[in-house]
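Just below is one structure, and these are the notes that go with it.
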Amino acid sequence: MSNPEETSRLEAERLAKIERIRARGGEPYPWTFPGRVSTAEARAKAAGLTPGAGGEGTVRVAGRVRSIREHGKSCFVDLEDAAGSIQLFLRGEELGERYARALAEIDPGDIVGADGVPTVTRRGEPSVMVSSLELLAKAIHPPPDKYHGLKDPEARLRQRYVELLDSPESRLRFQGRYELLREIRRFFDSEGFMEAETAVLVPVAGGAVAAPFTTHSRYLDVDLQLRISLELPLKRLLVGGFERVFELGQAFRNEDLDTIHSPEFTLLEAYWAYADYHDMRGLIEKLYGQLAAHVARRFPELPAASAAPELFRAPFAQVDFVEALEAKMGTTGLLERSREELGALARAAGATVPEDSPVGVFLDKLFDRYVAPGLVRPTFVMDHPLATTPLAKRHRSKPGRVERFELFCGELELANAYTELNDPVEQERRFRAQAGGRAEEAYAFDADFVEALRYGMPPATGVGIGVDRAVMLLLGVSSIKEIRLFPQTRPRADTG
RNA sequence: GGGCCCGUAGCUCAGCCCGGUAGAGCAGGCGGCUCUUAACCGCAAGAUCAGGGGUUCGAAUCCCCUCGGGCCCGCCA
């Protein structure tokens with residue numbers, strides 16, 4: 001790898017060009033370029049013209065120079081902007097002495113603006129016959145190989161801007177991500193949910209089991225943690241009288257990173273008073289149906305996106321957590337087994353779990369091993385064992401279970417929802433029941449949250465969605481780093 | 001945490017097995033070319049071979065360590 005701070009000979013040549021431009025009174029970094037149209041609009045004006053014949057009127061376009069093909073007294077330049085690209089056609093005949101100067105000063109990667117007449121070349125390429133060309137920003141670093149692009153996976157992450165400027169496909173990926181987040185917001189808004197922005201910095205990160213990042217407030221002189229979930233503050237809002245709330249934002253878990261885990265990730269949670277998890281199941285089915293329809297409409301060239309509406313066609317499959325697990329294991333009476341027995345089964349299935357883990361951990365492992373891999377289509381997994389889920393309400397008719405569903409698809413968890421526990425006494429008991437176990441397997445005790453429930457929280461349902469994973473599935477991307485703009489990487493050492 | 005793989009010019013790659021002192025295309029420089037689109041033709045230039053150590057007369061190549069990255073497994077939700 002090169003040191004980005006060193007000046008290569010190529011950069012030295014480009015810096016010398018900048019000096020020459022300034023020496024002749026030119027400005028390599030002008031202030032603005034008013035009145036331009038997109039390359040798409042310029043293309044539209046050229047459309048339908050007879051190849052080889054000139055069009056009428058002029059257009060003004062601007063963008064990045066992708067490639068230059070010189071032919072002596074004429075030259076073709078591919079110009080790219082956010083809307084696409086168009087070919088510039090430069091001729092010595094038209095430009096006089098400015099022709100040679102433009103070729104001497106412009107390199108691939110530069111940002112330029114041009115005025116000219118829309119035309120179609122004899123070979124049929126929509127073009128702008130340039131009457132004037134202006135440098136808008138000189139690039140000092142040369143862009144990646146124009147044909148092969150930027151391949152180095154490390155550089156694509158560390159210098160995302162290079163990948164983006166080089167690759168319209170990567171820009172499309174992030175456009176897709178943005179639009180999915182926008183559609184999620186629109187969906188909840190249209191369903192009457194209010195978006196909330198709760199605290200990122202909290203005294204104790206709760207609502208999930210995960211190692212938090214820690215930091216410190218100088219003013220308060222207290223240690224703080226970065227939130228690991230949105231659950232507890234949003235439920236406090238239900239106590240406070242809001243009936244439909246959601247939050248879409250970053251959460252942080254101080255754990256390993258791999259293709260489906262990022263230390264910072266985008267989480268959606270929504271809480272809905274006077275409704276239960278069956279209502280939420282319907283809402284989530286509707287949400288994914290709309291997201292699938294959106295990506296299929298907007299990104300038909302992506303195979304995963306065009307397949308999404310069929311994949312997410314309602315109604316989604318449903319299986320009972322315990323029944324599905326018992327069927328796959330060929331056993332019965334799972335919930336009556338002792339902790340030791342379940343632990344042995346989990347280890348026999350290949351899970352590495354400490355012997356004294358809570359029962360819920362073993363059951364989760366067994367489910368992950370036996371059932372989840374088979375859930376290729378979106379499937380609601382219903383009614384988990386109580387031991388796996390301390391924040392959900394006990395099932396109204398199935399003993400030893402809670403009212404919960406997880407939506408699985410292709411081993412990715414796409415939603416996790418409960419009928420929420422709102423009994424403060426039981427909530428406190430469940431928190432305390434975990435206190436004896438290992439810290440890394442227990443939900444943090446949040447006394448203020450119990451206090452809030454004591455004021456009365458209406459019956460409610462809530463859902464959490466790992467938005468990055470939903471985006472991955474809908475856009476057909478295999479690593480979370482592909483759909484987060486600036487994923488975490490280890491800082492590079494200054495000297496090797 | 002364990003295993004496998006990768007790091008050579010600004011970019012994309014070859015060379016590594018079988019050690020003999022680094023090669024191509026693009027980009028850049030110079031020259032030629034008025035319809036190309038990976039434009040083309042000619043000339044010249046461009047490389048701490050990720051870093052450090054070892055073996056050897058000689059290391060990009062073999063060995064060890066370190067750094068960074070990727071994939072798989074484990075852990076984690």
Looking for any heavy atom pair under 4.0 Å, which part of the strands does A:Ile228 touch: base, sugar-phosphate only, or nothing? nothing
A:Thr39 side chain to A:Asp81 side chain, donor-acceptor N/O pair below 3.5 angstrom: yes
Does B:rC30 pair with anything, Watson-Crick or G-U wobble, both distances under 3.5 Å, and if so, with which nucleotide? B:rG42
Just name whichever nucleotide pairs with B:rC4, Watson-Crick or G-U, keeping both distances under 3.5 Å, else none. B:rG70
Quick one: is A:Lys146 getting a side-chain N or O under 4.0 Å of the B:rC11 phosphate, OP1 or OP2? no
Nearest to the side chain of A:Lys151, heavy atoms from C-beta on, is which of B:rU12, B:rC11, B:rA39? B:rU12
Keeping A:Arg160 on the side-chain end and A:Leu485 on the backbone end, is there a donor-acceptor pair under 3.5 Å? yes
Report the residue from A:Asn254, A:Ile228, A:Val202 that forms a side-chain contact (heavy atoms from CB on, under 4.5 Å) with A:Pro212. A:Ile228
Can you find a pair of side-chain heavy atoms, one from A:Val77 and one from A:Ile106, that are under 4.5 Å apart? no
Write down the distance separating the C1' atoms in B:rG51 and B:rA45, rounded off to the nearest Å. 28 Å
Could you work out which one of B:rC72, B:rA38, B:rG70 sits closest to the side chain of A:His148? B:rA38
Nearest-nucleotide check on RNA chain B, A:Ser74 vs A:Leu150; residue mapping nearer the 5' end is A:Leu150
Of the nucleotides B:rG74, B:rU37, B:rA27, which one has an atom closest to the side chain of A:Asp78? B:rU37
Could you tell me how far B:rU34 sits from B:rG70 if I compare only their C1' atoms? Round to whole Å. 48 Å
May I ask you to evaluate whether A:Arg9 reaches the phosphate of B:rA45, defined as a side-chain N or O under 4.0 Å from OP1 or OP2? no
Per A:Glu154 side chain, nearest of listed nucleotides B:rU12, B:rG69, B:rA77: B:rG69
In residues 108-116 of chain A, which residues come under 4.0 Å of RNA chain B by heavy atom? A:Pro108
Starting from C1' on B:rG10, measure out to CD on A:Gln159 and report it in whole angstrom. 11 Å
Distance in angstrom units between A:Asp258 CG and B:rC73 P, rounded: 10 Å
Write down the distance separating the C1' atoms in B:rG1 and B:rG46, rounded off to the nearest Å. 44 Å
A:Ile465 and side-chain contact (heavy atoms from CB on, under 4.5 Å): which single residue from A:Ile284, A:Leu414, A:Asn416 fits? A:Ile284
Centroid separation A:Phe76 to A:Phe89 less than 6.0 Å: yes
Once rounded to the nearest 0.5 Å, what's the spacing between atom CE of A:Met129 and atom OG1 of A:Thr121? 9.0 Å
Could you state the atom-to-atom distance from CZ of A:Phe362 to P of B:rC76 in whole Å? 11 Å
Which residue pairs satisfy the ring-ring contact (aromatic ring centres under 6.0 Å, His included) criterion with at least one member in residues 465-485 of chain A, sequence neighbours excluded? none
Would you say A:His261 stacks on B:rA77, if stacking means ring centres under 5.5 Å apart and planes within less than 30 degrees? no
Using the P atoms only, state how far B:rG15 lies from B:rC65, rounded to an integer number of Å. 26 Å
Residue from A:Tyr277, A:Phe321, A:Phe405 passing ring pair (Phe, Tyr, Trp, His ring centres under 6.0 Å) with A:His384: A:Phe321
Decide yes or no for A:Val467 and A:Leu248: does some side-chain heavy atom of the first lie under 4.5 Å from some side-chain heavy atom of the second? yes
Report yes if a side-chain nitrogen or oxygen of A:Arg253 is closer than 4.0 Å to either non-bridging phosphate oxygen (OP1 or OP2) of B:rC76; otherwise report no. no
For RNA chain B, determine which residues of residues 345-352 of chain A have any heavy atom closer than 4.0 angstrom to one of its atoms, and list them numerically. A:Ala351, A:Thr352
Output the distance between atom CZ (A:Arg156) and atom CG (A:Leu164), rounded to the nearest 0.5 Å. 9.5 Å
So which nucleotide from B:rC76, B:rC35, B:rU34 ends up closest to the side chain of A:Glu93? B:rU34
Could you tell me whether the side chain of A:Asp145 has a donor or acceptor atom within less than 3.5 Å of a complementary atom in the base of B:rG25? yes
Return the nucleotide paired to B:rG23: Watson-Crick means purine N1 to pyrimidine N3 with N6-O4 or O6-N4, wobble means G-U with N1-O2 and O6-N3, both under 3.5 Å. B:rC13
Pairwise C1' distance for B:rG23 and B:rU61, with rounding to whole Å: 15 Å
Give me the distances for all protein-to-nucleotides 29-31 of chain B N/O pairs that come in under 3.5 Å?
from   : atom 1 : to      : atom 2 : distance (Å)
B:rG29 : OP1    : A:Lys17 : NZ     : 2.8

So does A:Arg369 get a side-chain nitrogen or oxygen closer than 4.0 Å to the phosphate oxygens (OP1/OP2) of B:rG74? yes
Indicate, with a heavy-atom threshold strictly under 4.0 Å, whether A:Ser127 touches base, sugar-phosphate, or nothing. nothing
Can you check the distance between B:rG29 and B:rU21, where both ends of the measurement are the P atom (answer in whole Å)? 33 Å
Nucleotide nearest A:Gln87 (side chain, heavy atoms from C-beta), chosen from B:rG70, B:rA77, B:rU37: B:rU37
What is the distance, to the nearest angstrom, from the CD atom on A:Glu80 to the C1' atom on B:rU37? 14 Å
Rounded to the nearest Å, what distance is computed from the CD1 atom of residue A:Ile480 to the C1' atom of nucleotide B:rC76? 13 Å
Provide, to the nearest angstrom, the distance between the CD atom belonging to A:Glu70 and the P atom belonging to B:rU34. 11 Å
Quick one: A:Leu10 CG to B:rC26 P, roughly how many Å, whole number? 14 Å
Nearest whole angstrom, please: distance from the C1' of B:rA39 to the NE2 of A:His71. 5 Å
I want to check one thing: is the phosphate of B:rG69, taken as OP1 and OP2, less than 4.0 Å away from some side-chain N or O of A:Lys481? no
From B:rU34, B:rA39, B:rC35, nucleotide with atom closest to A:Ser67 side chain: B:rA39
4.5 Å side-chain heavy-atom contact, A:Leu291 and A:Ile184: yes
Sticking with atom C1', work out how far B:rC26 lies from B:rA14, rounded to a whole angstrom. 15 Å
Presence of A:Arg490 side-chain N/O under 4.0 Å of B:rG68 phosphate oxygens OP1/OP2: yes
Ranking A:Arg91 and A:Glu413 by the position along RNA chain B of their nearest nucleotide, the one closer to 5' is A:Arg91
Base, sugar-phosphate, or nothing for A:Asp368, non-hydrogen atoms under 4.0 angstrom? base
Those residues that, when tested against A:Ile480, pass side-chain contact (heavy atoms from CB on, under 4.5 Å) (two or more places apart): A:Ser262, A:Asp468, A:Met472, A:Ile483, A:Arg484
Any pair counted as salt bridge (Lys or Arg N to Asp or Glu O under 4.0 Å), so long as it reaches residues 368-390 of chain A, sequence neighbours left out: A:Glu310-A:Arg377, A:Asp383-A:Lys398
The reported gap from OG1 in A:Thr388 to CZ in A:Arg404 (rounded to nearest 0.5 angstrom) is 5.0 Å
